[in-house]
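Because the structure is a prediction, the values reported are computed rather than measured. Sequence lines set the chain letters: A, B, ... in the order given, protein chains first and strands last, and positions in each chain run from 1.
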Amino acid sequence: MHTFKSSEIRNFVLQFLNDFNMSIAKTYNPKEAEEKWYSYWMENGFFRSVPDEREPYTIVMPPPNVTGVLHMGHMLNNTIQDVLIRRARMQGKNACWVPGTDHASIATEAKVVAMLKEKGIDKKSLTRDEFLKHAWEWKEKYGGIILKQLEKLGASCDWERTKFTMDPDLSEAVIDTFIKLYKEGYIYRGVRMVNWDPQGKTALSDEEVIRKEVNQKLYYVRYKIKDSDKYIIIATTRPETIMADTAICINPNDERYTYLKGKTVIVPLVNREIPVIEDEYVEMEFGTGCLKVTPAHDLNDYELGIKHNLPVIDILNDDGTLNENAQILVGEDRFIARKKVAKLLEEAGQIEKIEDYKSQVGFSERTDAVIEPKLSMQWFCKMEELAKPALKYVEDGTIKFIPEKFFASYKHWMENVKDWCISRQLWWGHRIPAWYNDKNEWVVAKTEEEARKEFEAQGKSVSGIRQDEDVLDTWFSSGLWPMSVFDGVRNPDNEDFKYYYPTNDLVTAPEILFFWVARMIIMGHDYTKKPPFRNVYLTGIVRDKLGRKMSKSLGNSPDPIELMEQYGTDGVRVGMLLSSPAGNDLMFDVSYCEQGRNFANKIWNAFRLVKGWEVKEASATTTQKTAAVWFQNRFNQAVAEIDEHFANYRLSDALMATYKLIWDDFCSWYLELVKPAYQTPIESETLETVKNFFQKVLTLVHPFMPFITEELWHDELFGTRDAKDCIIVAPYPKAEGFDEQIIKEFSTVQQIISEVRNIRNSKGISPKVALPLAINNTDIDFAKYQESIIKLANISELTFVGEKVAGAISFIAGKTECFVKLASDNIDVEAERERINKELEYLKGFLTSVEKKLSNEKFVQNAKPEIVQNERNKKADAEAKIKILEESLANLG
RNA sequence: GGAGGCUUAGCUCAGCUGGUUCAGAGCACCUGCCUUACAAGCAGGGGGUCACUGGUUCGAAUCCAGUAGCCUCCACCA
């Protein structure tokens, strides 16, 4: 049974009172602020960007699938983009974040097909137009969901610029590009071995094929040698393809098989005669060293077939079932056929043995069907030439990858790039602008009208003109995204395009480096001779605590919307960012969101504190002034750090630096120092300073936590603001100089306070008991700090003495020697002696190591002078401390 | 098979071109506190032979080589 602590009960009651607005809520309630401010920002056009004289800062959002639903990956990705955009906006740049969605050809078509099937409609029974009508209906119904979800996340996109890859203008850009690349000679049509997805019934690019290791059987099949009683044995994982065999291949150097040269063998089950050919491609060590050649169903075999002029027998239908060419098992699915063929062979006594075998099998990225290599007529894009400048951009630093480690695989891919199969046998997508006449001759043209002219110009028949049935690979249109969203493909001289392009940062997942990033660079360069962006920030993969990738099928992915409900959007944003350095996978755990929520609450309560103060007309006290000088310097130091983190795209470090500045420096030290005693008003001058600092730290956090900062920004505590004076456009702090000496001095003060608290803690003395503190020696201006120390360390009497204090606990902070005298029965002389001895021991060991270094001639000779000097300083410091400690020891008696 | 990366506190990770903030941060943990901003908090504290083995160097978490384990990408061994 859960027993309630009194604090829990009190909190419950307080929260209850909060709900009735009886006081400022004790905890931050995100819900209200989130709804209020997002629509406020929208209504007032803060996200809107149009070209002006300011410096542009542009990000194009990686368009999510139009029918997609927000997942953790989107959450991370878009949070990062929003942080970058918001900060740039506050820095006075013209920040433009373009949102949009991708038509995701194969994924969406698969979804629509499945939806229709549920309604009892077979895709085959529909015409192209009928099907597309259903698809558009589906898109209209579900298309907006993910963008709405991004609003909840606070994404400050320019929604008026929202684009969809199948919008009329973007579609036209795709067609124009196809024609341009065709005219430049990069696009060609031909029969090639492609990756066939029998479920989607379409060709796929190499990138869309995922290889997975699969447990298979390796069948050792006997092939009878013609005019002989002998058999040769061939190992295969695909017995169902033997009906398509057109040769047997051996390695010419394989002495075991010299007797086979020039022989003919008989394919089992179908009894077709095929020749034995020789090629060094065959590995003698693998299997039996004998390979069956099936040109229609294996890429290597296809190439062997061309080389040796073999016939091609295609025994598979588009859906992966066997066709008439197979002669047997016609109509059976390839996997069922595999088992049946194996059984038939076994019954015929033609299986030597069956072994377990692991091998890599290709699967469709979208449908997860096993890929079938298939010969077919497809459209291709030549990549070799196009890839060269795209590689150079990254090589010479025009485009930077963050982290850099991804450059290696990018380079490898670019240098070994193969032609890109761009046609897909689908309906949902951009239809290829190629036209055929009744003689199957073809031309590439934008419209039927132009096609007609083209045919005429070539003196060819114009009867029966029809358009190519295929659509283009989705990534063909995504590749244009940074240009097409600004209409830069059709109309490169338009103002938007000239102003926003090249864009600045691209934030995306490394998984689509080749699919998308590389192709954007290629196409961007082909059109503009410019890179589409300058920096590519590659996020990690969001994984669960066990390191598994978050996925629907595993059910291990929390719903981002629910998370935001539970922890507040700001809390979740902080949670996502805290542990996600660029390129590193993020082991997601809700405790990060908890931390983010707690941080929001901390800020909220700092606000409550300041808000609750009464004011009196008065100038600041010495302590308050000293605290303000310190905090100003500390603030400037933090801003410099944060700037550097951002410059290196280390967002989690930038956030952590902000977090510590607020939590530790602002709340725990600064506010505690200036805070007036209970029910005492604060000096008006100090309150102004506090409010000023408060607003400054709020602007620093705003990119990370947009809602709570905007909410507080508008509180009357900070004065009345006119409607447009929002934190979203408030100036982001600039790095200014800071005095290290001030920060260092203050850290000595902090040490003294901590030491006194520690003494109290370790002696079991209540914090309420004030203790006397004596200072023997110090190198700092104590007058400035003594009140602070008295206040925060709860000192009853602070004295300066010119000697050691007998019977007291001593410690050294910086170069200041301090004594705390406790009531006599509290002093354990033995324990003190032991403590001092321990410290002495450490210092002496430290000293000898320093001395050893300094007496090493090679060190003094080779090391940089400042390093040597440092060692000398260390030596002097250690000696001084040792002296003090030894005296303290003697003093203990 | 090729390429790249990782291994630092219980967890997630920083540690730039070798030498004072070289052993860090956040969280978690332990102790004491319902102190009138915050128990989603305050104060204090304890945790690591920097994977292993060698080498280079006056000096190595940091550079080099090897070993082990893990990860990612690429690749047609039937």
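Within the 4.0 angstrom heavy-atom criterion, no nucleotide atom of any strand lies near A/E207. Residue contacts for A/E285: at a heavy-atom cut-off of 4.0 Å it reaches no nucleic acid atom on any strand shown. Nucleic acid contact for A/Q595: sugar-phosphate only, since backbone atoms but no base atoms lie under 4.0 Å from a heavy atom of the residue. Residue A/L299 is classed as having no contact, given no heavy-atom separation below 4.0 Å to the nucleic acid. The residue A/S359 sits close only to the backbone: its heavy atoms come under 4.0 Å of sugar-phosphate atoms, none of a base. Within 4.0 Å (heavy atoms only), A/C249 reaches no atom of the nucleic acid at all. Across all strands, A/D877 comes closer than 4.0 Å to base atoms (heavy-atom distances).
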Problem set entry | Protein proximity profile, nucleotides 57-65 of chain B - base contact B, sugar-phosphate-only contact S, no contact -, cut-off 4.0 Å on heavy atoms | -B-------
Exercise. In the 5'-to-3' direction, what one-character label does each nucleotide of nucleotides 3-16 of chain B receive under the scheme B = base within less than 4.0 Å of a protein heavy atom, S = sugar-phosphate only, - = no such atom?
Worked result: -SS------SSSS-
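Using a 4.0 Å cut-off, some side-chain N or O of A/Y659 falls inside it from OP1 or OP2 of B/C27. For A/N758 and B/G45, the shortest distance from a side-chain N or O to OP1 or OP2 is below 4.0 Å. Phosphate contact (OP1/OP2 of B/C42, side-chain N/O of A/W663, threshold under 4.0 Å): present. Checking the phosphate oxygens (OP1, OP2) of B/A43, a side-chain nitrogen or oxygen of A/S668 falls inside 4.0 Å.
B/U8 and B/G4 have their P atoms separated by 22 Å, given to the nearest Å. Atom C1' of B/U7 sits at a distance of 10 Å from the matching atom of B/C50, rounded to the whole Å.
Place A/N761 and A/S591 on RNA chain B by their nearest nucleotides, and A/S591 ends up nearer the 5' end.
Scored by the ring pair (Phe, Tyr, Trp, His ring centres under 6.0 Å) test, A/F401 finds A/Y410 as partners (sequence neighbours excluded).
Put simply, the side chain of A/K26 and the base of B/C38 share no donor and acceptor less than 3.5 Å apart. For B/A40, the base has a donor-acceptor partner in the side chain of A/R597 [N/O atoms by modelled type, under 3.5 angstrom]. Remark: the A/E594 side chain and the B/A28 base include no donor-acceptor N/O pair separated by less than 3.5 Å.
B/G47 takes the syn form, because its glycosidic angle lies no more than 90° either side of 0.
Set against B/A43, B/C73, B/A37, the side chain of A/E672 has B/A37 as its closest nucleotide. Taking only side-chain atoms of A/Y357, from C-beta outward, the nucleotide of B/A40, B/A37, B/A78 with the closest atom is B/A78. Closest to the side chain of A/C667, from the set B/C74, B/C27, B/A37, is B/A37.
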For this session: Would you sketch RNA chain B in dot-bracket for me? Only Watson-Crick or G-U wobble pairs with both distances under 3.5 Å count, crossing pairs as [ ], other-strand pairs as |, the rest as dots.
Result: (((((((..((((.....[....)))).(((((.......))))).....(((((..]....))))))))))))....
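Classification of A/K875 and A/E871 as a salt-bridged pair fails, no side-chain N sitting under 4.0 Å from a carboxylate O.
The aromatic ring centres of A/F286 and A/Y357 sit less than 6.0 Å apart.
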Show me the side-chain donor-acceptor pairs of residues 670-682 of chain A shorter than 3.5 Å, one per line, residues at least two apart or across chains.
{"residue": "A/E672", "atom": "OE1", "partner": "A/K675", "partner atom": "NZ", "Å": "3.3"}
{"residue": "A/T680", "atom": "OG1", "partner": "A/A677", "partner atom": "O", "Å": "3.1"}
{"residue": "A/T680", "atom": "OG1", "partner": "A/Y678", "partner atom": "O", "Å": "3.2"}

What does the list of N/O pairs under 3.5 Å between the protein and nucleotides 21-25 of chain B look like, with a distance for each?
{"residue": "B/A25", "atom": "O2'", "partner": "A/K660", "partner atom": "NZ", "Å": "3.1"}

